[in-house]
Amino acid sequence: MQTQWQRQGYGPRRRPRPARRTWEPPRPPRLPAARRALRSLSPANLPRPTAKRVLDLVLGSTLLLLAAPLLAAAALALAAQRGLGGVLTRSPRVGADGRPFVLRSLRTRRLRLHVISRLPHVVRGELSLVGPAPLAPGDVRARPAGARDWRRELKPGLTGLAQVRHRSVMPWDERDLLDQHYAEHHRPGLDLAILAEAVGAPLLRAARSLARHGKAGLSDTDHRLPGYRTVE
């Protein structure tokens, strides 16, 4: 029975009983930042490569291995003529998503070695085998002409639809239309067709040129017997 002092709040108060704690599993220790970064780079967390990237990596690496001896010989010849500083050209370019990079090429256009020497950019992922032409920063053609900025969606390429289908009389805007058409309809089959045309067209022109020079070197006198004279 409470006294008057207890009813007025001066008496001893009962302390509330602490709540019963339920069992909880022990928390794992926090990983250092480096280990967390490595775990984020596990194959399960990495983005899956596209078919275009697989084609670039496999075919680009194969072509680079095959062309390595020729590229090394060309680089040595250029170094002997111009010194080490005259082997490569370096020019800034804009890649996919507007990322800048430095495009390096051999200072020669024989056998299109300046294009083949860009294969390391394909292996690293800065270029693609097939795509729009790599543009310099500030190029007016890099500005989006409509609601879709299709140049930022694709990596620039060693060759492309505009390079294999262009004509010398075509204005620049028609080349852009070809690149835009490729950006909207690109697929591995189209890439292989463009690569085949890019490689086959120079070989066909060389064969035709060789055939014309060979025919020009022949004459009727090449088939005449010794001692033959036109006037009897």
Side-chain angles (χ1 to χ4, degrees), residues 41 43 45-79 87-137 139 141-142 149-166 175-176 178-206:
L41 295 177
N45 297 328
L46 292 177
R48 298 181 62 182
T50 61
K52 184 176 181 62
R53 177 56 184 160
V54 172
L55 179 64
D56 289 341
L57 191 58
V58 174
L59 188 55
S61 301
T62 303
L63 294 176
L64 183 58
L65 289 176
L66 294 177
L70 184 59
L71 294 175
L76 290 175
L78 289 172
V87 176
L88 296 175
T89 61
R90 297 171 177 84
S91 54
R93 291 292 185 268
V94 179
D97 297 328
R99 292 191 296 267
F101 67 98
V102 178
L103 182 64
R104 294 174 174 85
S105 309
L106 282 177
R107 291 182 181 272
T108 177
R109 296 188 176 274
R110 295 181 179 179
L111 302 176
R112 298 184 64 83
L113 289 180
H114 67 292
V115 177
I116 301 176
S117 65
R118 299 173 184 174
L119 283 171
H121 292 286
V122 176
V123 178
R124 288 197 297 263
E126 297 168 336
L127 288 179
S128 180
L129 289 174
V130 180
L135 301 180
D139 196 310
R141 289 173 291 170
D149 191 0
W150 53 268
R151 284 192 181 274
R152 295 177 62 93
E153 300 175 3
L154 290 178
K155 298 175 184 177
L158 297 185
T159 186
L161 186 62
Q163 287 88 331
V164 300
R165 295 290 177 87
H166 79 277
R175 287 195 176 195
D176 288 343
L178 289 173
D179 283 337
Q180 184 176 359
H181 176 81
Y182 171 80
E184 295 173 352
H185 302 88
H186 71 91
R187 59 187 185 278
L190 181 58
D191 286 1
L192 292 176
I194 293 175
L195 288 173
E197 189 170 353
V199 175
L203 294 178
L204 183 60
R205 287 196 297 267

Restricting to pairs with a member in residues 96-107, which pass salt bridge (Lys or Arg N to Asp or Glu O under 4.0 Å), not counting sequence neighbours?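 Non-adjacent pairs meeting salt bridge (Lys or Arg N to Asp or Glu O under 4.0 Å): D97-R99.
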Identify the heavy atoms of [X] and [Y] that sit nearest to each other, and give their distance.
X    : Y    : result
P156 : A96  : CD-N, 4.1 Å
A198 : T159 : CB-OG1, 3.8 Å
V123 : R53  : O-NH2, 2.8 Å
A67  : I116 : CB-CG2, 3.6 Å
L129 : D56  : N-OD1, 3.2 Å
R151 : A133 : NH1-O, 4.0 Å

Does any part of the side chain of L57, heavy atoms only, come nearer than 4.5 Å to the side chain of S61, both counted from C-beta?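 SC-SC contact between S61 and L57 confirmed.
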Taking the side chain as everything from C-beta on, heavy atoms only, tell me whether P92 gets closer than 4.5 Å to P100.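 Not in contact.
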Check: [X] side chain, [Y] main-chain N or O, donor-acceptor pair, under 3.5 Å:
X    : Y    : value
R93  : P134 : yes
Q163 : G160 : yes
K155 : G125 : yes

From [X] atom [atom1] to [Y] atom [atom2], the distance as rounded to the nearest 0.5 Å:
X    : Y    : atom1 : atom2 : result
Q180 : H185 : CD    : NE2   : 10.0 Å
L154 : D179 : CG    : CG    : 9.5 Å
R124 : L119 : CZ    : CG    : 11.0 Å
T108 : L113 : OG1   : CG    : 5.5 Å
R118 : L71  : CZ    : CG    : 12.5 Å
L158 : L63  : CG    : CG    : 9.0 Å

Starting from the C-alpha separation in whole Å, work towards a yes-or-no answer on side chain to side chain contact (heavy atoms under 4.5 Å, CB included) for L59 and V122.
-> CA-CA 10 Å; L59 188 55; V122 176; over 6 Å; no
>> Run the side-chain contact (heavy atoms from CB on, under 4.5 Å) test against A77 and tell me which residues pass, sequence neighbours left out.
In response: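 Counting only residues at least two positions away or on another chain, A77 forms no side-chain contact (heavy atoms from CB on, under 4.5 Å).
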(request) Would you mind telling me which of R90, H121, E126 makes a side chain to side chain contact (heavy atoms under 4.5 Å, CB included) with L103? (result)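 Among R90, H121, E126, the one meeting side chain to side chain contact (heavy atoms under 4.5 Å, CB included) with L103 is H121.
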